[in-house]
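Encoded as structure tokens, the structure appears first; notes follow it.
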Amino acid sequence: MISARTFRGGIHPLHSSGEGKRLTAALPVEPMTAPKTVCIPMAQHIGAPCVPCVAVGEHVKRGQKIGQTRSFVSAPVHASISGTVTEIAPHLVVGGNMVTCVTIENDFADEWAEECLAEPRDLDSITAEEALNAVLEGGLVGMGGAAFPAHVKLSPPKDKKIDFLLVNGAECEPYLTADHRLMLEQSKRIIGGIRLFARILGNPRCIVGIEANKRDAAEVMRQAAQGTNVEIRVLPVKYPQGSERQLIFAVTGRAINSSMLPADVGCIVDNVDTVVAVNRAVREGKPLMNRIVTVTGDAIANPQNFI
């Protein structure tokens, strides 16, 4: 059922061609082959950059922490492959800044750090404190684009009562289908992550907002949410439906201006990919090391979503 609420304004980019999403919406996510070397920036999130905690010549394992935080608004960085550290030096990154990076030569052994090999924990056995610490240690950040450290968002001021946890599955941007595929392929992980988020935040009302051009994902999510307090809300197709302030108003009717934060109106907003990462970090001990990217458009021979 379409929500009666929406926000004022907005646009319909590429509406006549299905927002460009038909190129990849029906294609499963494919893993990319790991490269021979990776160059991992110590500043790939909002907040203070990390300090390398490995040395040149050191052998590292997948999931091992290689960048340590020295600030509350920051997130540790982990190795995405196993291999040997060959360089620690500044490199030019997206945005034009020089950032300290750790370069690792892949040994293709895909050897995991010991802390990432534990058996998955039962979700109901995990306390709020344990979950929040795992979010911090796992280097989790917002996967919707802002890359804001997740443990900060999950630690609102004590005078801010959180009434709503809103999970953004709108994916209103034209062409992108990464979140669409994630909801179809990992719905149970999303619901598990939402339940962990809710536990940390004191059990607010949980609502997943999904645009009406992803009804298959909405149905899969509804099935995964059965027996939980997670609600699925189908929203009109309109850009920027997935923007934080617009989503809050569309789902709750609470208005938030540019000088306010979501917590000021009792809301926390996170992306579906973020809650999957939370589930993986808290239950499986695996830090944030990957994301899904849509490579698409009329000029691409084989459009695809890659992890």
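As the structure is a prediction and not an experimental result, all values here were calculated from the model.
The side chain to side chain contact (heavy atoms under 4.5 Å, CB included) test applied to N133 returns E137, not counting sequence neighbours. Applying the side chain to side chain contact (heavy atoms under 4.5 Å, CB included) criterion to E211, with sequence neighbours excluded, gives A170, C172, N213, K214, V237, Q241. For T33, there are no side chain to side chain donor-acceptor pair (under 3.5 Å) partners at least two apart in sequence or on another chain. H78 meets the side chain to side chain donor-acceptor pair (under 3.5 Å) test with no other residue; sequence neighbours excluded. With sequence neighbours excluded, the residues that form a side chain to side chain donor-acceptor pair (under 3.5 Å) with R195 are D124. Not a single side chain to side chain donor-acceptor pair (under 3.5 Å) links K21 to another residue, sequence neighbours left out. Taking the ring-ring contact (aromatic ring centres under 6.0 Å, His included) definition, one finds that F108 meets it with nothing, sequence neighbours left out.
Taking each heavy atom of M183 and S187 in turn, the nearest pair found is O-CB, 3.3 Å. The two atoms that bring A128 and I200 nearest to each other are O-CG1, 3.8 Å, heavy atoms only. The two residues P156 and L201 make their nearest non-hydrogen contact at CD-CD2, 4.1 Å. Closest of all the heavy-atom pairs between I88 and P52 is CG2-CG, 3.8 Å. The minimum heavy-atom distance linking P31 with I307 is given by the pair CA-CG2, 3.5 Å. For the residue pair F249 and F7, the shortest heavy atom distance occurs at CD2-CA, 4.1 Å.
Interatomic distance, CZ of R233 versus CZ of R222, reported as 10.0 Å (0.5 Å rounding). Here T296 contributes atom OG1 and L176 contributes atom CG; the two are 8.5 Å apart, rounded to the nearest 0.5 Å. Of the inter-residue distances, the one linking T294 atom OG1 with I300 atom CD1 reads 11.5 Å to the nearest 0.5 angstrom. Put simply, SG on C50 and NE2 on H45 are 4.5 Å apart, with the number rounded to the nearest 0.5 Å. Annotation: the span from I232 atom CD1 to Q223 atom CD amounts to 11.0 Å, rounded to 0.5 Å. Atom CD of E171 and atom CZ of R181 lie 11.0 Å apart (nearest 0.5 Å).
Residues H59 and E111 meet the side-chain proximity criterion, which asks for heavy atoms closer than 4.5 Å. Looking at K61 and W112, their side chains never come closer than 4.5 Å, going by heavy atoms from C-beta outward. At least one side-chain heavy atom of T6 sits less than 4.5 Å from a side-chain heavy atom of K238. Contact annotation: the side chain of D216 approaches that of L184 to within less than 4.5 Å [non-hydrogen atoms, C-beta and beyond]. Contact annotation: the side chain of T103 approaches that of H91 to within less than 4.5 Å [non-hydrogen atoms, C-beta and beyond]. Counting heavy atoms from C-beta outward, P13 and E19 have side chains that stay 4.5 Å or more apart. The side-chain heavy atoms of L92 and N97, taken from C-beta on, include no pair separated by under 4.5 Å. Residues I248 and L166 are in side-chain contact: their nearest non-hydrogen atoms beyond the backbone lie under 4.5 Å apart.
Residue pairs satisfying the salt bridge (charged side-chain N to carboxylate O under 4.0 Å, His left out) criterion with at least one member in residues 247-266, sequence neighbours excluded, are listed as follows: K160-D264, D163-R254. Applying the side chain to side chain donor-acceptor pair (under 3.5 Å) definition to pairs two or more places apart or across chains, those involving residues 268-277 are D179-N271. Sorted by first and then second residue, the salt bridge (charged side-chain N to carboxylate O under 4.0 Å, His left out) pairs with a member in residues 296-307 form an empty list; sequence neighbours excluded. Under the ring-ring contact (aromatic ring centres under 6.0 Å, His included) criterion, no residue pair touches residues 154-213, with sequence neighbours excluded.
At least one donor-acceptor pair under 3.5 Å links the side chain of T228 to the backbone N or O of V230. S82 places a side-chain N or O within donor-acceptor distance of the main-chain N or O of D110, the cut-off being under 3.5 Å. Remark: the backbone N or O of P35 is paired with a side-chain donor or acceptor of N106 at under 3.5 angstrom. Formation of a donor-acceptor pair under 3.5 Å by the T127 side chain with backbone atoms of E130 is found in this model. Between the side chain of D107 and the backbone N or O of A109 there is at least one donor-acceptor pair closer than 3.5 Å. Side-chain atoms of H151 come within 3.5 Å of backbone atoms of F72 as a donor-acceptor pair (strictly under, hydrogens ignored).
Other residues, nucleotides and ligands contribute more than 12 heavy atoms inside 6.0 Å of the CG atom of N257. In the displayed structure, E114 atom CD is contacted under 6.0 Å by at most 12 heavy atoms of other residues, nucleotides or ligands.
I210 and V220 fall into different hydrophobic clusters, where Ile, Leu, Val, Met, Phe, Trp and Tyr residues are linked whenever their side-chain heavy atoms come under 4.5 Å apart, directly or through other members. At a threshold of 4.5 Å between side-chain heavy atoms, the hydrophobic network of Ile, Leu, Val, Met, Phe, Trp and Tyr places V278 and I126 in one connected group. Put simply, I256 and L247 are part of the same group of oily side chains (I, L, V, M, F, W, Y) that touch within less than 4.5 Å, one to the next. Note on V251: it does not cluster hydrophobically with I191, by side-chain heavy-atom contacts below 4.5 Å among ILVMFWY residues. Both V54 and I40 are part of a single hydrophobic cluster, where members link through side-chain heavy atoms under 4.5 Å apart.
V275 pairs in a side chain to side chain contact (heavy atoms under 4.5 Å, CB included) with only one of the listed residues (L196, I194, N168, L182), which is I194.
One finds a salt bridge joining K153 and E244 here, because a Lys/Arg side-chain nitrogen approaches an Asp/Glu carboxylate oxygen to under 4.0 Å. Using a 4.0 Å cut-off between a side-chain N of Lys or Arg and a carboxylate O of Asp or Glu, R205 and E231 qualify as a salt bridge.
Under 3.5 Å, the side chains of T177 and N305 contain a donor-acceptor pair of N or O atoms.
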Please list, one pair per line, the donor and acceptor atoms closer than 3.5 Å that link side chains of residues 281-291 to other protein atoms, with sequence neighbours excluded.
residue, atom, partner, partner atom, Å
R283, NE, R121, O, 2.9
R283, NH2, R121, O, 3.2
E284, OE1, R189, NH2, 3.2
E284, OE2, R189, NE, 3.4
E284, OE2, R189, NH2, 2.8
K286, NZ, C116, O, 3.1
R291, NH1, M143, O, 3.3
R291, NH2, M143, O, 3.1

